[in-house]
Amino acid sequence: MRRLFVYGVFLSVLLALTQRVGAQELNCNVEINSQQVQNTGGKQVFETLQAAMNDYMNTTKFTNAQFAANEKIECKLFFTVKEYVDNKITGDLQVQSTRPVYNSNYNSTLLNFKDTKIEFDYQENEPLIFSETNMESNLTAILNFYAYLIIALDFDSFSPRGGDPYWDRAEQVVRMAQSSGETGWKQFEDNKNRAAVYSAYTDPATNSLRDMIYNYHRKGLDEMSVSPDKGRAAITESLEPLRKVFQVAPMSVGLSMFKDAKLDELVNVYTKGTPDEREKVYELLSSLYPTEQTRLDMIKKGVNK
């Protein structure tokens, strides 16, 4: 029932978010690239792993929320394997998710994040087992974390702090994984690891990013089909928390995650913006992302080439 919010049945969806149970949540495409691995005799394991990860992400029921088949969250996991030695696999994982925009055929990117700390043990045909209370393996912990991150961000985009239950589950995954000592989970070890991603959206100093997600999508993008000017004005206003986050945590991974998910979209949004809107957004973003001058100039000038 979640996506009915997009189609206008506002009240029923708000109830469904908290009261109803139903089908699996994700429509996830998992791809593995093992071209960097020199051991050609072991390539079969990556085909098996890809099938196992696809099955896990698309059949595991991560929440009690109800999703019809056409309401599932569209997402992708692209895993680049860099090394495979003695059943240990290391590499990078690109995680992406989108959500539909009301009264359009456009899907807006919610998440576009590259995790460079992927490392886990895997034997061919090893079963991937889901558990809410135990860490079955580092691989399933990674998959669980990103499943909950995808779901939490999606729910936050449809209702204010709607992702609360799923941020709680992500926290549980992080805590269990931190106890294991596995790579990519330790607090303060890396400002872009999984613990840092969780903290960026839940720490009181920076969790206004979650309010921005709702205001940007629900009050902004979803309104543009009815009133482009009103929707664009709401998006402009929604960006203010970025400035506050930068003031207290300039290295927050949440800032780079917003850039990677939204900067190209903002170029498109402001092609028809007023000069004052474009200047305001340019001024805000240029202080946050000084290395993105080419795209920021496109916002300032109102062009998209």
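Here the CD1-CZ distance, from I118 to F79, works out to 6.5 Å after rounding to the nearest 0.5 Å. For the atom pair CZ of F67 and NZ of K72, the computed distance is 9.5 Å after rounding to the nearest 0.5 Å.
Atom CZ of R175 has 12 or fewer heavy atoms from other residues, nucleotides or ligands within 6.0 Å. Enclosure of atom NZ in K88 by more than 12 non-hydrogen atoms of other residues, nucleotides or ligands within 6.0 angstrom is indicated. Within 6.0 Å of CD in E279 there are more than 12 heavy atoms belonging to other residues, nucleotides or ligands.
Annotation for C28 and L77: closest pair SG-CG, 3.9 Å, computed over non-hydrogen atoms.
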TODO: Show the numbers, then the answer: is there a ring pair (Phe, Tyr, Trp, His ring centres under 6.0 Å) between Y84 and F46?
DONE: CA-CA 10 Å; Y84 174 47; F46 301 119; 5.3 Å; yes

Exercise. Show the numbers, then the answer: is there a side chain to side chain contact (heavy atoms under 4.5 Å, CB included) between I150 and Y148?
Key: CA-CA 5 Å; I150 289 166; Y148 289 130; over 6 Å; no

- [ ] Would you check, one step at a time, whether the test side-chain hydrogen bond (donor to acceptor under 3.5 Å, both in side chains) holds for S108 with E265?
- [x] CA-CA 8 Å; S108 176; E265 183 172 82; 2.7 Å; yes

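Side-chain contact check for S137 and Y122: no donor-acceptor pair (N or O, by modelled atom type) lies under 3.5 Å. T48 and E124 share a donor-acceptor pair across their side chains, judged by distance under 3.5 Å alone. The closest side-chain donor-acceptor pair between N125 and Q123, if any, does not fall under 3.5 angstrom. Checked by atom type, the side-chain pair T90/E119 shows no donor-acceptor distance below 3.5 Å. Judged purely by distance below 3.5 Å, without hydrogens or angles, the side chains of Q94 and N112 pair a donor atom with an acceptor atom.
Note: F62 and F130 meet the aromatic proximity criterion, with ring centroids under 6.0 Å apart.
By the rule that hydrophobic residues join a cluster once side-chain heavy atoms approach within less than 4.5 Å of another member, L288 and M298 end up as members of one cluster.
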